[in-house]
Each structure stands twice: as C-alpha cells, then as structure tokens.
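Data block below; observations after.
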Amino acid sequence: MGSSSEPLSRGLYALVEPYDSGFLKVSDVHTIYYEQSGNPQGHPVVFLHGGPGAGTSPGNRRFFDPEFYRIVLFDQRGAGRSTPHACLEQNTTWDLVADIEKLREHLDIPEWQVFGGSWGSTLALAYSQEHPDKVTGLVLRGIFMLRKKELDWFYEGGAAAIFPDAWEPFRDFIPEDERNCFIDAYNKRLTSSDPIVQVEAAKRWTMWEMMTAHLIQNNDNIKRGEDDKFSLAFARIENHYFVNKGFLPSDSFLLDNVDKIRHIKAFIVQGRYDVCCPMMSAWDLHKAWPEAEFKVVPDAGHSANEVGIAAELRSATEKLRDLLSK
C-alpha cells in the first residue's frame with residue numbers, strides 16, 4: 001500500500017491529509033503546531049520526531065493504518081511550524097514531556113500509543129517512563145539515549161572513520177585549537193550574536209548528519225542541510241540538548257528506569273549500519289528490556305525511510321493494531 005508517487009517496495013501506507021490542525025500555547029514563550037489524520041474515532045498514536053529540532057513532515061503519517069489509527073503529529077518547541085522558530089529558551093526534555101501531556105489533554109485523549117525514532121526514541125522513553133499509565137504501546141527506532149559515548153561517537157571523531165569525506169567540512173569549520181570538543185565549539189557559533197555565523201555553523205552541523213543518515217547516501221536528505229531555516233532549528237536545538245546532556249539526571253537514566261515501562265508492549269527497530277545512533281545503544285536497551293520485541297535490519301543505516309526499516313516500523317504498528325483489535 002504505497003502512494004503512486006513513491007515505490008511500493010517502501011511498504012508504507014498511502015499519504016493521508018490531516019482532518020484537523022492547530023496551535024497549542026504550552027508556555028509564555030512557546031506555541032506548538034499539531035495535526036490529526038486518519039480515523040477520528042480510531043486508536044490514538046502520537047509521533048515524536050527526531051533531532052531534536054527536525055520537525056514533522058507529511059510522510060510521518062504513512063507508518064500507520066489510517067483506517068485504524070487516529071494519527072497525531074506535532075512539532076516540538078522551536079521546530080517546524082512551532083514558534084518561536086529555533087528558540088532555545090524554555091526548551092528541555094522535561095518541557096517536551098510536559099507538552100506531550102498538554103497535547104494529550106487538549107485533544108481529550110485518555111491514553112495513546114507512542115512512536116519515536118532517533119531523538120524521538122529518547123523522548124518516547126522519557127515520556128513513557130514519566131507517564132506509563134498513558135502509554136498503550138511503544139515503537140522505537142534508531143535508539144538514542146544521549147549517553148556520553150553516543151555523543152562522542154558521532155561528534156568527536158568516531159563516525160569520521162566511516163565518513164571522512166562528510167566529516168572534514170564539519171571539522172574544518174572549527175579552528176584547530178578548539179577541536180577538543182566539537183559540541184562546545186559549535187555551541188559557541190550556533191549561539192553567536194552574528195546571524196551569519198549562526199547560519200553557517202548550522203548548515204555545517206546539519207549537513208554532517210544528513211550525509212550520514214542513510215546506508216546509501218540520499219541526495220534529497222542531503223539537500224535539507226542546504227536549507228537555512230531548517231538547518232538553524234535543527235542544529236541550534238540539537239546542539240543545545242547535547243551540550244546539556246539531554247537534561248537527564250545521569251548518563252544511564254533512561255536505561256536505569258526501564259522497569260517503569262517493562263509492562264508496555266514495545267518494539268525496537270534498529271539498522272545494523274546506523275552510524276548516527278550506532279547499534280550499541282539498541283543492544284543495551286534490548287539487554288535491559290528483553291520483553292520488548294527487537295528487530296535488527298541487516299541492510300540499513302539510520303533513516304526511518306530506508307526500505308527495511310520502514311517495513312519493520314509498519315509491521316510493528318500493525319502488530320499493535322492487531323493486539324488492540326482483539
């Protein structure tokens with residue numbers, strides 16, 4: 001079931017249009033954009049986008065059976081259509097967890113399924129551990145838990161061994177005497193008072209991730225790194241979270257709190273050759289949470305849109321649909 005404009009082999013549902021959209025004021029600073037599609041009387045599912053800072057896109061609706069699911073997408077603080085754009089003030093993991101609850105209550109949803117990949121998996125874990133009674137099921141992809149070894153791998157030279165061609169423009173933007181910590185060096189530039197410096201840093205930061213997100217480099221994805229507006233929110237917010245270690249109390253916080261969600265039916269989907277969020281994290285989560293169904297896609301990287309990952313994500317939402325239909 002694919003749309004006519006995209007290959008059927010991708011295995012996703014046809015694109016549906018929202019039946020409802022709006023803006024929800026969640027603080028004195030932030031207003032978030034949300035939309036609903038699929039079946040208004042269906043089982044609710046909330047999609048948590050990656051980044052943080054990436055925002056949602058129409059294709060995110062396609063992982064879910066639109067006849068069964070009431071599909072809720074929203075842009076997190078500062079991202080996508082939420083305002084103010086690229087804003088770092090009042091923007092923490094726990095602010096976002098609170099926003100998810102505010103949105104659930106605003107939409108009069110008693111409980112819902114949670115779906116998140118990459119940073120979305122981080123947020124899904126944090127939200128479900130905080131509100132386990134509101135979660136009917138979890139689908140997690142490209143596991144990221146904001147541990148130091150994960151950030152060091154991707155931003156301090158580990159992944160550069162596989163993508164030296166993509167790494168060098170990212171590295172070379174920073175003077176040699178500041179290369180002991182690229183996250184800090186980029187933070188200085190992404191929060192610069194000079195908007196030109198901000199934009200250039202944002203594009204370098206974003207391009208590094210866009211060039212490494214697929215097993216086979218994807219030109220459409222790489223072009224997103226050339227977009228000033230997208231890059232600014234993506235890079236500024238992502239870097240802000242990473243400088244602050246995800247605003248988590250400890251390095252292993254999400255792993256340490258798995259017991260709170262052990263009873264929730266969950267699926268973990270991981271690309272074997274994911275360079276952005278390497279499989280060590282999904283493996284650690286799998287070992288801590290063997291009750292969750294664990295799928296390794298042998299011929300995929302990080303992106304949810306790679307054929308094998310998309311197929312497993314659709315399969316997971318269908319298994320949860322079938323369980324809920326009994």
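Everything numeric here is computed off the predicted structure, so don't read it as measured data.
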Margin query: Could you check, using the six-membered ring where one of them is a Trp, whether Phe63 and Phe115 have ring centers closer than 6.0 angstrom?
Written below: yes

Item checked: Closest approach of Trp167 to Ala160 (non-hydrogen atoms, all atoms of both residues) -> CG-CB, 3.3 Å

Margin query: I'd like to know whether NZ of Lys229 has more than 12 heavy-atom contacts from other residues, nucleotides or ligands below 6.0 angstrom.
Written below: no

Notebook entry, point to check: Which heavy-atom pair separates Phe154 from Val275 by the least distance, and what is that distance?
Noted result: CD1-O, 3.7 Å

Next item on the list: Could you verify whether a donor N or O on one side chain and an acceptor N or O on the other, from Thr136 and His43, lie under 3.5 Å apart?
Entry: yes

Item checked: Under 3.5 Å: donor-acceptor pair, side chain of Thr83, backbone of His85 -> no

Item checked: Salt-bridge present (Glu101, Arg104; N to O < 4.0 Å) -> yes

Checklist line | Within-4.5 Å side-chain heavy-atom neighbours: Ile183 and Asn239 | finding: yes

Notebook entry, point to check: Do the non-hydrogen side-chain atoms of Leu88 and Ile237 ever get within less than 4.5 Å of each other?
Noted result: yes

Item checked: Salt-bridge criterion met for Glu178 and Lys188 (N-O under 4.0 Å) -> yes

Note to self: Atom CG of residue position Asp108 - does it have more than 12 heavy atoms of other residues, nucleotides or ligands inside 6.0 Å?
What the structure shows: no

Note to self: Below 30° counts as parallel, above 60° as perpendicular, anything between as tilted: where do the rings of His131 and Tyr127 land?
What the structure shows: tilted

Note to self: Looking only at the side chains, is there a donor atom on one of Ser231 and Asp227 sitting less than 3.5 Å from an acceptor on the other?
What the structure shows: no

Check: With a 4.0 Å cut-off, would you call Arg77 and Asp99 a salt bridge?
Finding: yes

Notebook entry, point to check: Measuring from Lys223:NZ to Asp220:CG, what's the distance to the nearest 0.5 Å?
Noted result: 5.5 Å

Checklist line | is_close_aromatic(Phe144, Phe242), centroid dist under 6.0 Å | finding: yes

Note to self: Whether the Gln90 and Asp28 side chains hold a donor-acceptor pair (N or O, under 3.5 Å, no angle test) is what I'd like checked.
What the structure shows: yes

Check: In terms of side-chain heavy atoms, does Arg70 have a donor or acceptor partner in Gln36 at a distance below 3.5 Å?
Finding: yes

Note to self: More than 12 heavy atoms of other residues, nucleotides or ligands under 6.0 Å from NZ of Lys245: yes or no?
What the structure shows: no

Next item on the list: Look at the side chain of Ser128 and the backbone N and O of Leu125, then say whether any donor-acceptor pair between them is shorter than 3.5 Å.
Entry: yes

Next item on the list: Starting from the C-alpha separation in whole Å, work towards a yes-or-no answer on side chain to side chain contact (heavy atoms under 4.5 Å, CB included) for Phe74 and Leu48.
Entry: CA-CA 7 Å; Phe74 76 98; Leu48 305 181; 3.5 Å; yes

Check: For the atom pair OG1 (Thr191) and CG (Asp194), what is the distance rounded to the nearest 0.5 Å?
Finding: 12.0 Å

Margin query: Less than 4.0 angstrom from a charged side-chain N to a carboxylate O is my criterion; do Glu150 and Arg147 meet it?
Written below: yes

Notebook entry, point to check: Does any non-hydrogen side-chain atom of Asp95 lie less than 4.5 Å from one of Ser27?
Noted result: no

Notebook entry, point to check: Going by heavy atoms in the side chains, are Ser82 and Thr31 under 4.5 Å from each other?
Noted result: no

Checklist line | Side-chain donor-acceptor pair present, Gln198, Ser192, cut-off under 3.5 Å | finding: no

Next item on the list: Look up atom CG in Leu285 and atom CE in Met279, then write down how far apart they are to the nearest 0.5 Å.
Entry: 12.0 Å

Note to self: Under 3.5 Å, is there a donor on one side chain and an acceptor on the other for Gln113 and Tyr69?
What the structure shows: yes

Check: What are the two closest non-hydrogen atoms of Pro66 and Ile71, and how far apart are they?
Finding: CA-CD1, 4.3 Å

Notebook entry, point to check: Got a salt bridge between Lys319 and Glu293, using NZ or NE/NH1/NH2 to carboxylate O under 4.0 Å?
Noted result: yes

Next item on the list: Assess whether side chain to side chain contact (heavy atoms under 4.5 Å, CB included) is satisfied between Glu306 and Val297, documenting all intermediate values.
Entry: CA-CA 10 Å; Glu306 292 181 76; Val297 182; over 6 Å; no

Margin query: Evaluate Trp112 against Val45 for side chain to side chain contact (heavy atoms under 4.5 Å, CB included), listing each step before the verdict.
Written below: CA-CA 5 Å; Trp112 50 9; Val45 58; 5.9 Å; no

Notebook entry, point to check: Below 6.0 angstrom between ring centroids: does that apply to Phe294 and Phe267?
Noted result: no

Notebook entry, point to check: Under 4.0 Å between a Lys/Arg side-chain N and an Asp/Glu carboxylate O for Glu35 and Arg61?
Noted result: yes

Next item on the list: Kindly say whether Glu89 contributes a backbone atom to a donor-acceptor pair with the side chain of His30 at under 3.5 angstrom?
Entry: yes

Check: Are Phe247 and Tyr241 near enough that their ring centres are under 6.0 Å apart?
Finding: yes

Next item on the list: State, with a plain yes or no, whether a side-chain heavy atom of Cys181 is found less than 4.5 Å away from one of Glu156.
Entry: yes

Next item on the list: Answer yes or no: is there a donor N or O on one side and an acceptor on the other, between the side chain of Arg189 and the main chain of Ala185, under 3.5 Å?
Entry: yes

Check: Does the ring center of Tyr34 lie less than 6.0 Å from the ring center of His106?
Finding: yes

Next item on the list: State, without any angle test, whether Glu238 and Trp119 hold a side-chain donor-acceptor pair at a distance under 3.5 Å.
Entry: no

Next item on the list: Provide the closest heavy-atom pair for Leu190 versus Ala235 in the form atom of the first, atom of the second, distance.
Entry: CD1-O, 3.6 Å

Item checked: Cluster link Phe64 to Ile109, ILVMFWY, side chain under 4.5 Å -> no

Notebook entry, point to check: Can you check whether Gly271's main-chain N or O pairs, donor with acceptor, with Asp274's side chain at less than 3.5 Å?
Noted result: no

Margin query: Using a 3.5 Å distance criterion without hydrogens, assess whether the side chain of Asn187 forms a donor-acceptor pair with backbone atoms of Asp184.
Written below: no

Notebook entry, point to check: Phe182 ring centre to Arg171 NZ or CZ under 6.0 Å, with the angle to the axis within 45°?
Noted result: no

Item checked: Aromatic centroids of Tyr186 and Phe173 separated by under 6.0 Å -> yes

Next item on the list: Before giving the answer on side-chain hydrogen bond (donor to acceptor under 3.5 Å, both in side chains), spell out for Tyr13 and Glu318 the whole-Å C-alpha distance, their side-chain angles and the decisive distance to 0.1 Å.
Entry: CA-CA 11 Å; Tyr13 286 93; Glu318 289 177 344; 2.4 Å; yes

Check: Do Arg141 and Ser121 touch side chain to side chain, with heavy atoms closer than 4.5 Å?
Finding: no

Note to self: If hydrophobic clusters are built by linking Ile, Leu, Val, Met, Phe, Trp and Tyr wherever their side-chain heavy atoms come under 4.5 Å apart, do Leu215 and Met211 end up in the same one?
What the structure shows: no

Check: With a 4.5 Å heavy-atom cut-off, do Thr206 and Met210 have their side chains touching?
Finding: yes

Notebook entry, point to check: Does the side chain of Ile309 come within less than 4.5 Å of Ser303's, by heavy atoms?
Noted result: no

Check: Can you tell me if Thr56 and His49 form a side-chain donor-acceptor pair at under 3.5 Å?
Finding: no

Note to self: Is it the case that the side chain of Arg314 and the backbone of Asp65 share a donor-acceptor pair, with hydrogens and angles ignored and the cut-off at 3.5 Å?
What the structure shows: no

Note to self: Looking at every non-hydrogen atom in both residues, tell me the closest pair between Pro175 and Arg179 and how far apart they are.
What the structure shows: O-CG, 3.4 Å

Note to self: What's the separation between atom CG in Asp165 and atom CD1 in Ile162, rounded to the nearest 0.5 Å?
What the structure shows: 11.5 Å

Check: Any side-chain donor paired with an acceptor under 3.5 Å for Asp284 and Ser281?
Finding: no

Check: Less than 4.0 Å between a side-chain N and a carboxylate O, is that true for Lys134 and Glu111?
Finding: no

Note to self: Tell me if the centroids of the rings in Trp205 and Tyr155 come within less than 6.0 Å of each other.
What the structure shows: yes

